[in-house]
Amino acid sequence: MNVETGSASHAPSGTHWITDEETQRIAETFVAASPYLGDIAWSQVPVGENAAYVYGFSEELPEDLEPGYPLPEGCRWSWQLSLTDPSGRDFRLHHNQVVSAITKVVYEGDGRQDSMRAFRLGRIEQWYTEPADSRRALKLGPDAAVTICQIALWGKVAFPYEDENGPFGTGRMDFFEEQR
């Protein structure tokens with residue numbers, strides 16, 4: 001099974017490659033479901049086998065380089081998300097990290113074996129194994145997006161996703177409720 005590091009325009013018809021659009025949608029869902037993130041900024045960055053030439057072998061893009069600028073062969077524009085975690089540390093999330101996290105979830109799991117975790121990981125696995133056209137039409141829920149992006153950023157799920165109704169519709173536990 002192929003996992004793409006290119007965009008949909010580079011994917012031959014009928015391939016199973018994961019596109020930039022799919023990973024960006026996962027990252028957008030993660031941001032919407034993660035109120036603890038700060039300093040969120042989206043940008044377009046060059047990626048691919050010749051991206052190092054565009055960056056001049058540094059981590060920063062040249063100041064005069066704008067999205068849409070023609071890139072060398074073997075290079076394309078993709079998305080990048082810059083954010084700050086609750087401790088104040090800055091992180092960057094991009095397409096290749098999300099694809100790597102999906103691969104880790106599908107082939108390795110994340111080390112937890114409880115039934116709710118297995119259910120959530122099963123949804124990601126099913127999404128991944130759907131035929132490409134069907135998969136591209138499906139949207140992963142916030143719990144799956146949070147799992148994927150946290151594994152991409154921190155190698156584990158640090159802040160599990162809980163909606164306001166809690167896992168069983170009983171409300172979210174609040175240990176400081178009497179102090180509010």
Side-chain angles (χ1 to χ4, degrees), residues 1-34 36-37 40-52 54-55 59 71 73-85 89-162:
M1 200 170 295
N2 293 325
V3 177
E4 180 189 7
T5 58
S7 68
S9 62
H10 293 94
S13 174
T15 65
H16 197 77
W17 293 345
I18 297 173
T19 65
D20 280 315
E21 292 80 13
E22 290 172 286
T23 58
Q24 184 172 356
R25 191 169 54 211
I26 290 169
E28 289 168 349
T29 303
F30 165 63
V31 167
S34 304
Y36 50 83
L37 299 175
I40 297 166
W42 291 91
S43 59
Q44 294 289 308
V45 295
V47 296
E49 60 190 44
N50 292 326
V54 177
Y55 284 91
E59 290 193 23
L71 298 173
E73 188 171 321
C75 198
R76 64 178 174 72
W77 288 100
S78 184
W79 63 271
Q80 178 176 279
L81 171 64
S82 301
L83 54 96
T84 305
D85 75 357
R89 291 184 7 199
D90 294 328
F91 290 91
R92 291 185 179 156
L93 181 66
H94 53 78
H95 171 78
N96 290 347
Q97 288 174 288
V98 173
V99 170
S100 293
I102 292 168
T103 303
K104 182 177 180 181
V105 167
V106 170
Y107 293 107
E108 301 172 23
D110 75 344
R112 296 189 183 175
Q113 300 302 320
D114 66 50
S115 59
M116 281 301 283
R117 192 54 152 185
F119 177 74
R120 289 180 178 155
L121 295 181
R123 296 170 93 182
I124 297 168
E125 291 169 359
Q126 180 184 357
W127 174 84
Y128 180 80
T129 58
E130 288 286 324
D133 292 339
S134 298
R135 186 194 68 235
R136 290 181 183 127
L138 299 173
K139 292 182 181 177
L140 288 170
D143 57 336
V146 166
T147 298
I148 292 167
C149 291
Q150 287 189 16
I151 290 171
L153 288 168
W154 302 301
K156 64 180 181 177
V157 178
F159 306 99
Y161 173 77
E162 292 183 26

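Minimum heavy-atom separation, Trp42 to Val31: CZ2-CG2, 4.3 Å. Of all the heavy atoms in Trp79 and His95, the pair that sits closest is CZ2-N, 3.5 Å. Across all their heavy atoms, Ala27 and Cys149 have their closest contact at CA-SG, 3.9 Å. Nearest heavy-atom pair, Leu138 versus Glu130, reported as atom, atom and distance to 0.1 Å: CD1-CG, 3.8 Å. When all heavy atoms of Arg92 and Gln80 are compared, the pair lying nearest together is CD-NE2, 3.5 Å. Minimum interatomic distance between Ile124 and Leu140 (heavy atoms only, all atoms of both residues): CA-CD2, 4.4 Å.
Annotation: the span from Asp143 atom CG to Thr29 atom OG1 amounts to 10.5 Å, rounded to 0.5 Å. To the nearest 0.5 angstrom, Thr103 atom OG1 is 10.5 Å from Asn96 atom CG. Atom OG of Ser34 is separated from atom CG of Leu153 by 9.5 Å, given to the nearest 0.5 angstrom. Summarising the geometry, atom OG1 belonging to Thr23 is positioned 10.0 Å from atom CD1 belonging to Ile148; distances are rounded to the nearest 0.5 Å. In this structure, CZ on Arg135 lies 12.0 Å from CH2 on Trp17, to the nearest 0.5 angstrom. Atom CZ of Arg25 sits about 12.5 Å away from atom CG of Asp20, to the nearest 0.5 Å.
With hydrogens and angles disregarded, a donor-acceptor distance shorter than 3.5 Å links the side chain of Gln97 to the backbone of His94. No side-chain donor-acceptor contact under 3.5 Å links Arg76 to the backbone of Leu71.
Remark: Glu49 engages no residue in a side chain to side chain donor-acceptor pair (under 3.5 Å) (not counting sequence neighbours).
With a 6.0 Å radius and a threshold of 12 heavy atoms from other residues, nucleotides or ligands, Gln126 has its CD atom at or below the threshold.
In this structure, Trp154 and Tyr36 have tilted ring planes: the angle between them lies in the 30° to 60° band.
Side-chain contact between Leu37 and Phe30: present, with at least one pair of heavy atoms (C-beta onward) separated by less than 4.5 Å. With a 4.5 Å cut-off on side-chain heavy atoms, Phe91 and Ser82 do not count as touching. Residues Tyr161 and Gln150 form no side-chain contact, since every pair of their non-hydrogen atoms from C-beta on lies 4.5 Å or further apart.
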*Derivation of the side-chain contact (heavy atoms from CB on, under 4.5 Å) call for Val98 and Ile18*: CA-CA 10 Å; Val98 173; Ile18 297 173; over 6 Å; no
*asked:* Phe159 vs Asp85, test: side-chain contact (heavy atoms from CB on, under 4.5 Å). Steps then yes/no.
replied: CA-CA 11 Å; Phe159 306 99; Asp85 75 357; 5.6 Å; no
